[in-house]
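Below, each value reflects all heavy atoms present in this structure, side chains not excepted, and no hydrogens, waters or symmetry copies. Residue numbers start from 1 in every chain, and the chains themselves are labelled A, B, ... in the order their sequence lines are given, proteins ahead of strands.
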Amino acid sequence: MHMNNISGKDLLAIGYQQGKMLGLALEVLEKHYQGAEHEAVLTLMKDLLERPEAFLDHEILEDLATKMIEDAKEIENTIFLNNTSREFAVYGSEYIAAGAVAQMQTAMKLPVTVAGALMPDAHQGYGLPIGGVLAAKNAVIPYGVGVDIGCRMALSIFDITEENFLLNRDTYKRELIAHTRFGAGHGYHGKDRTDHAILDRNEFNLTQFIKALKDKAYSQLGTSGGGNHFVEWGIIEFAEDDQPLNIPKGKYLALLSHSGSRGMGATIAGYYTRLAKELCKLPREAANLAYLDMNSEAGQEYWLAMNLAGDYASACHEVIHDKLAKAIGGTLLAKVENHHNFAWKETWNGEEVIVHRKGATPAGKGVMGIIPGSMTAPGFLVRGKGEETAINSASHGAGRQMSRTAAMQHITRQEMQAMLQANGVTLIGAGLDEAPMAYKDINVVMEAQKDLVDIVAKFSPKMVRMADDGSKED
DNA sequence: ATGTCC
């Protein structure tokens with residue numbers, strides 16, 4: 001008769017699975033069944049595996065039994081990914097890091113995924129990559145939308161000449177500083193706040209959670225935040241007359257802004273991602289792609305909250321543009337606005353789907369958008385071509401070629417100054433992580449998506465405001 | 001992206 005000397009191999013042979021449970025079982029055996037007879041312990045462990053509920057009062061095996069029942073429930077609730085990824089189009093694959101492609105491949109295994117595409121500015125994100133487009137059937141993925149819900153570009157084109165701008169740079173600079181506010185957490189207080197119809201929206205009364213966001217939303221209305229957000233004066237050049245916008249060819253002063261839904265959107269994103277992760281258990285590699293059923297209460301709630309955050313982001317741009325237009329006394333010729341980090345109900349390949357564009361620009365046929373380059377590189381006013389394989393999308397910028405950390409380490413202030421000077425750009429704020437050299441060449445990115453958008457006009461930044469280094473200003 | 005788990 002040989003004594004207990006049970007190994008992991010023995011437990012695997014009687015049906016235990018590789019993992020945490022196996023380790024716990026071995027620990028218990030070592031501690032409590034050291035001298036017991038081998039066959040008897042094996043029978044006991046087999047019994048435990050088959051009927052853990054019979055051991056809930058067992059002096060030694062109680063904890064193991066409880067854990068087994070919990071594990072079984074979790075496995076039962078896990079939603080499995082498909083074994084293979086659905087195919088998806090990649091634009092400019094030579095510029096996209098492997099990590100972003102791998103994230104997209106995981107997203108293409110979700111049971112709700114219908115189609116996907118990767119834009120040429122794609123890089124690794126949280127859940128879905130930035131620059132990732134995902135069409136899902138009757139489901140919305142909070143991290144397929146992203147943290148800064150409804151982040152967008154807004155462009156106002158004024159009937160003001162380049163000469164006027166160059167002659168009055170000081171005035172334009174003063175007004176840009178006076179009417180914009182940057183930095184994480186920053187807002188307006190008291191009489192400095194702006195009233196806007198967005199604050200009267202019924203959705204603010206939807207739940208206690210959303211109601212609690214209203215005060216901050218009021219305070220941050222018309223502010224820009226941090227990171228890659230900016231407000232800038234620039235010169236937009238139309239090489240030809242544009243009929244739809246009714247703008248004759250030529251150069252005009254324009255205002256371009258990039259920002260989102262501030263603290264409100266971030267709080268909504270965090271709350272519903274956590275809820276989605278509770279309701280939708282996916283395997284570890286896809287955990288951040290947890291989705292909400294569009295027919296569920298949580299799904300409908302998120303949809304309304306997301307749309308409110310998007311409209312709030314729009315209101316923020318409206319406030320900024322209104323203030324600055326009034327300050328410079330310009331006549332508005334045209335206004336274009338487009339958002340990313342959002343989900344839309346759209347028809348794709350004949351069926352209704354939820355299209356997530358995380359850092360991707362809508363580019364349906366004839367749909368206008370703005371794709372910025374960097375603080376010195378041009379941005380482009382574009383018109384979508386409605387390419388179905390790209391799910392009617394395009395990039396939302398040039399995309400980074402250096403991480404924030406790498407940019408801080410490798411780019412010097414002097415290099416950035418030289419670049420600004422060479423391009424005649426005045427910069428207010430911004431850290432080295434936003435230096436032009438940290439971004440891909442926008443011309444290469446535009447070339448990679450020439451089947452997705454037509455270029456309508458070229459916008460050259462001339463005076464850029466961003467958040468101060470590290471958003472530490474007060 | 002956000003006062004980045006006060």
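Applying the 4.0 Å criterion to OP1 and OP2 of B:dG3, one finds that A:K216 has a side-chain N or O inside that range.
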Under 3.5 Å, side-chain donor or acceptor atoms of residues 268-281 of chain A against the rest of the protein: list the pairs with distances, not counting sequence neighbours.
residue	atom	partner	partner atom	Å
A:Y272	OH	A:E301	OE1	2.6
A:T273	OG1	A:A269	O	2.8
A:K277	NZ	A:N288	OD1	2.8

List, one per line, each side-chain donor-acceptor pair under 3.5 Å for residues 101-110 of chain A, sequence neighbours excluded.
residue	atom	partner	partner atom	Å
A:Q103	OE1	A:G125	N	3.0
A:Q103	NE2	A:G125	O	2.8
A:T106	OG1	A:A102	O	3.2

Under 3.5 Å, which donor-acceptor pairs link side chains of residues 434-441 of chain A to any protein atom two or more places apart or in another chain?
residue	atom	partner	partner atom	Å
A:E434	OE1	A:Y439	OH	2.6
A:E434	OE2	A:R400	NH2	3.2
A:E434	OE2	A:R404	NH1	2.9
A:E434	OE2	A:R404	NH2	3.0
A:K440	NZ	A:Y95	O	2.9
A:K440	NZ	A:P120	O	3.1
A:D441	OD1	A:N443	N	2.9
A:D441	OD1	A:N443	ND2	3.4

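As judged by a 4.0 angstrom heavy-atom cut-off over every strand, A:G263 is placed among residues touching the sugar-phosphate backbone only.
Taking atom OH of A:Y126 as the reference point, atom P of B:dT2 lies 17 Å away to the nearest angstrom. Here B:dG3 presents its C1' atom at 15 Å from CZ of A:R181, a figure rounded to the nearest Å. For the pair A:H189 NE2 and B:dG3 C1', the interatomic distance rounds to 12 Å; values are reported in whole Å. Rounded to whole Å, the distance from CG on A:D468 to P on B:dG3 is 16 Å. We find that CZ of A:F182 is positioned 11 Å from P of B:dT2, with the value rounded to whole Å. Residue A:Y188 contributes atom OH, which lies 18 Å from atom C1' of B:dG3 at whole-angstrom precision. Going from atom CD of A:Q220 over to atom P of B:dT2 covers 8 Å, rounded to whole Å. In this structure, CZ of A:R404 is placed 12 Å from C1' of B:dT2, rounded to the nearest angstrom.
Among residues two or more places apart in sequence or in another chain, the ring pair (Phe, Tyr, Trp, His ring centres under 6.0 Å) test is passed with A:F459 by none. Partners of A:R284 under the side-chain contact (heavy atoms from CB on, under 4.5 Å) rule, at least two apart in sequence or in another chain, do not exist in this structure.
Taking a 4.0 Å limit (strictly below) on heavy-atom distances, residues 300-320 of chain A does not reach DNA chain B anywhere.
Other residues, nucleotides and ligands contribute over 12 non-hydrogen atoms within 6.0 Å of the CD atom of A:E351.
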